[in-house]
Amino acid sequence: MMQKHIAVLKGDGIGPEVTDQALKALRAVSEVYNHTFTYTEALVGAAAIDAVGNPYPDETHKICQSSDAILFGAIGDPKYDNNPNAPVRPEQGLLAMRKNLGLFANIRPINTYKALNNASPLRADLIEGVDFVVFRELTGGIYFGTKGRSEDRNTAFDNCIYTKEEILRISKLAFEAALKRRKKLTLVDKANVLATSRLWREVVQEYAKNYPDVEVDYMFVDNAAMRIIQNPKYFDVILTENMFGDIITDEASVITGSLGMLPSASVGSKVALFEPIHGSYPQAAGKNIANPCAAILSAAMLLEISFGLNEEAKIIRKAVEACLNEGFVTEDIRRDSKITTSQVGDKVAELIIKKKESLLTA
Ligand code: IPM
Ligand code: MG
């Protein structure tokens, strides 16, 4: 029996409706396993700009810091996208949150589901059995380097900076993960062009000596982008810097067949944050049609990574798989489906409550 406190940041667009389904799964788990989870909601993103003029208010930061884990929905609103001069943008909230909470590693597992083989743009024989995880550095690099414009406004720059320390701390997590998996790690960089990438390579080459059982290889990011499509089964653990990780994880996410299936974790020194990979999908907001699986699976990652509740995480994953196998899916997976976001959430919760034993042996 465990007592834990979770900060819930539903955010923008479909964030609130998919997060609500993840909460149903957490409530079902706490009922079945007698845990006590308490929740505090806080504002983030465009919702926070509208309410208090700041996409990551201090109040939200305090709530996050004093929680055992953070469940996050999505951030972003189209009213800011086409306005390069907007004084504050929802995405700044996400970046501030990552930086202020020290969430230096973003973990994005990519795996496929048999039931979705036909939904993937890749051939079934290429994707069956794909199972890799990307460790993306999240608080450094070009995202956070000095940015600026010249006085005449005709020149702009974004600095890309990395320190050895920043590379080492995420390398440790990635190597440890590789040890528990198929013991293969690929560093993705652009060492043929970038000084920061050469530092990454140097640091990782040296650090790899601590893990003689892990086979390490090095791949330029352009080549990696190609290989992820040509032969995704090749990869086990990918380690990469912030912007390369941003790009290749979106690329990798389509392999599964729906962006709506993929969870992620952002971890650092203290509290960790869990969120679906997909964005705020504003066109679908409030329509009860978005796929809540990524959010629900993010709750499973939360239980596993932050609380060490492996069986509870497994039962959530099994319940989601059961929905897929029964064809109980939203329209992103089957175009003519009328099944709603909340129906999938209810079904997952119901499966968890009713079928605990049979799900675990399935
Ligand atoms: C992501 C997103 C963010 C990023 C945006 C919304 C700032 O694309 O989490 O991958 O670029 O990191
Ligand atoms: Mg991205």
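As the structure lists them, so they are numbered: ligands from 1, and atoms in each ligand from 1.
Against a heavy-atom cut-off of under 4.0 Å, Arg136 is close to the following atoms of ligand 1: 1 (C), 4 (C), 9 (O), 10 (O), 11 (O), 12 (O). Residue Arg98 has at least one heavy-atom neighbour below 4.0 Å for each of these atoms of ligand 1: 1 (C), 4 (C), 9 (O), 12 (O).
Given atom 11 (O) of ligand 1, the protein heavy atom at minimum distance is Tyr143 OH, 2.5 Å. If you check which protein heavy atom lies closest to atom 2 (C) of ligand 1, you get Asp246 OD1, 4.0 Å. Nearest protein neighbour of atom 1 (C) of ligand 1, counting heavy atoms only, is Arg108 NH2, 3.5 Å.
For Arg181 and Phe135, the positive end is not near the middle of the six-membered ring at less than 6.0 Å and at most 45° from its axis. Remark: Lys184 qualifies as a cation-pi partner of Tyr234 under the 6.0 Å distance and 45° angle criteria applied to the six-membered ring.
Formation of a donor-acceptor pair under 3.5 Å by the Lys147 side chain with backbone atoms of Ile142 is found in this model.
In this structure, the separation between NE2 on His278 and CG on Asn291 is 7.0 Å, given to the nearest 0.5 Å.
When non-hydrogen atoms are compared, ligand 1 lies under 4.0 Å from neither the backbone nor the side chain of Arg89. At a heavy-atom distance under 4.0 Å, no atom of Glu275 approaches ligand 1.
At least one N, O or S atom of Asp246, from either the backbone or the side chain, sits less than 2.8 Å from the Mg ion (ligand 2).
Of the residues Leu43, Thr19, Leu71, Val44, the one that meets the side chain to side chain contact (heavy atoms under 4.5 Å, CB included) test with Lys10 is Thr19.
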Checking Lys183 against Asp236 for the salt bridge (charged side-chain N to carboxylate O under 4.0 Å, His left out) test, could you report, in this order, the C-alpha distance in whole Å, the side-chain angles of both residues, the deciding distance, and whether it holds? CA-CA 7 Å; Lys183 302 189 173 53; Asp236 181 20; over 6 Å; no
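In this structure, the side chains of Leu101 and Gln65 come closer than 4.5 Å at one or more pairs of heavy atoms.
For His278, the heavy-atom gap to ligand 1 stays at 4.0 angstrom or more. Heavy-atom separations between Met243 and ligand 1 are all 4.0 Å or longer.
Distances between N or O atoms of Glu91 and those of ligand 1 include no value under 3.5 Å.
Nearest heavy atoms, Val267 versus Leu173: CG2-CD1, 3.7 Å.
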